[in-house]
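Numbering of residues begins at 1 and proceeds along the displayed sequence.
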Amino acid sequence: MSTQKSRISDEEINELISKLQSLLPESRRRNLSRAWSASKLLKETCSYVKSLHREVDDLSGRLSHLTSTLDPDSPQAEIIRSILGS
């Protein structure tokens with residue numbers, strides 16, 4: 001039994017790169033010149049994902065601190081629970 005390697009076409013790569021680029025916020029897309037490379041786009045995307053991760057960690061820590069200081073029966077705690085769906 002022979003295995004075939006599925007290859008992705010240049011057109012598919014270009015389409016994926018275009019989709020990836022469209023996911024970046026405008027401020028990050030400005031960092032990419034008209035002659036952007038796939039490599040530069042991937043680096044910028046990785047940097048953006050890392051910054052989102054840091055932001056989530058920060059917000060998680062702030063929320064944890066906030067919830068630890070609230071009375072569990074307070075209206076504020078109830079609002080936070082309803083927002084978080086728990």
Side-chain angles (χ1 to χ4, degrees):
M1 211 183 259
S2 74
T3 32
Q4 284 185 312
K5 290 185 178 181
S6 64
R7 295 204 38 114
I8 189 166
S9 70
D10 287 347
E11 183 179 320
E12 290 170 309
I13 289 172
N14 288 335
E15 185 179 323
L16 291 170
I17 288 172
S18 178
K19 286 179 182 180
L20 184 58
Q21 188 176 21
S22 72
L23 294 174
L24 291 175
E26 182 64 34
S27 60
R28 294 219 177 230
R29 278 185 274 168
R30 275 188 240 123
N31 294 338
L32 302 169
S33 67
R34 283 232 183 253
W36 55 267
S37 67
S39 173
K40 186 172 181 178
L41 176 62
L42 289 172
K43 286 177 185 175
E44 187 63 32
T45 302
C46 288
S47 173
Y48 178 57
V49 168
K50 286 177 186 177
S51 73
L52 289 175
H53 187 110
R54 285 189 300 272
E55 191 173 338
V56 166
D57 285 347
D58 176 59
L59 291 172
S60 177
R62 291 168 57 192
L63 181 60
S64 179
H65 174 73
L66 176 64
T67 56
S68 71
T69 62
L70 288 176
D71 174 359
D73 298 322
S74 71
Q76 293 88 353
E78 182 56 38
I79 291 170
I80 291 172
R81 280 194 296 276
S82 70
I83 291 171
L84 297 176
S86 56

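Both L52 and L41 are assigned to one and the same hydrophobic cluster, defined by single-linkage of ILVMFWY side chains at heavy-atom distances under 4.5 Å. Cluster membership for L84 and V56, using ILVMFWY side-chain heavy atoms within less than 4.5 angstrom, is not shared. Criterion: ILVMFWY side-chain heavy atoms under 4.5 Å apart, direct or through other members. Under it, L20 and I13 are part of a common hydrophobic cluster. No continuous path of ILVMFWY side-chain contacts below 4.5 Å connects V49 to L42, so the two sit in separate hydrophobic clusters.
The residues E15 and K19 are annotated as salt-bridged, a charged nitrogen and a carboxylate oxygen being separated by less than 4.0 angstrom.
Here the options are S47, C46, S39, the test is side chain to side chain contact (heavy atoms under 4.5 Å, CB included), and the partner is K43; only S39 passes.
Using a distance-only test at 3.5 Å, with no hydrogens or angles considered, no donor-acceptor pair links the side chain of S64 to the main chain of G61. S51 places a side-chain N or O within 3.5 Å of a backbone atom of Y48 that can act as its donor or acceptor partner.
With sequence neighbours excluded, the residues that form a side-chain contact (heavy atoms from CB on, under 4.5 Å) with L16 are I8. Under the rule for a side-chain contact (heavy atoms from CB on, under 4.5 Å), the partners of E78 that lie at least two apart in sequence or sit in another chain are R81. Applying the side chain to side chain donor-acceptor pair (under 3.5 Å) test to S9 and every residue at least two apart in sequence or in another chain returns E12.
Taking all atoms of both residues into account, the shortest heavy-atom contact from P72 to A77 is O-CB, 3.6 Å.
In this structure, OG on S68 lies 9.5 Å from CG on L63, to the nearest 0.5 angstrom. In this structure, the separation between NE2 on H53 and CG on D58 is 11.5 Å, given to the nearest 0.5 Å. Between the CD1 atom in I80 and the CG atom in L66 there is a gap of 4.0 Å [rounded to 0.5 Å].
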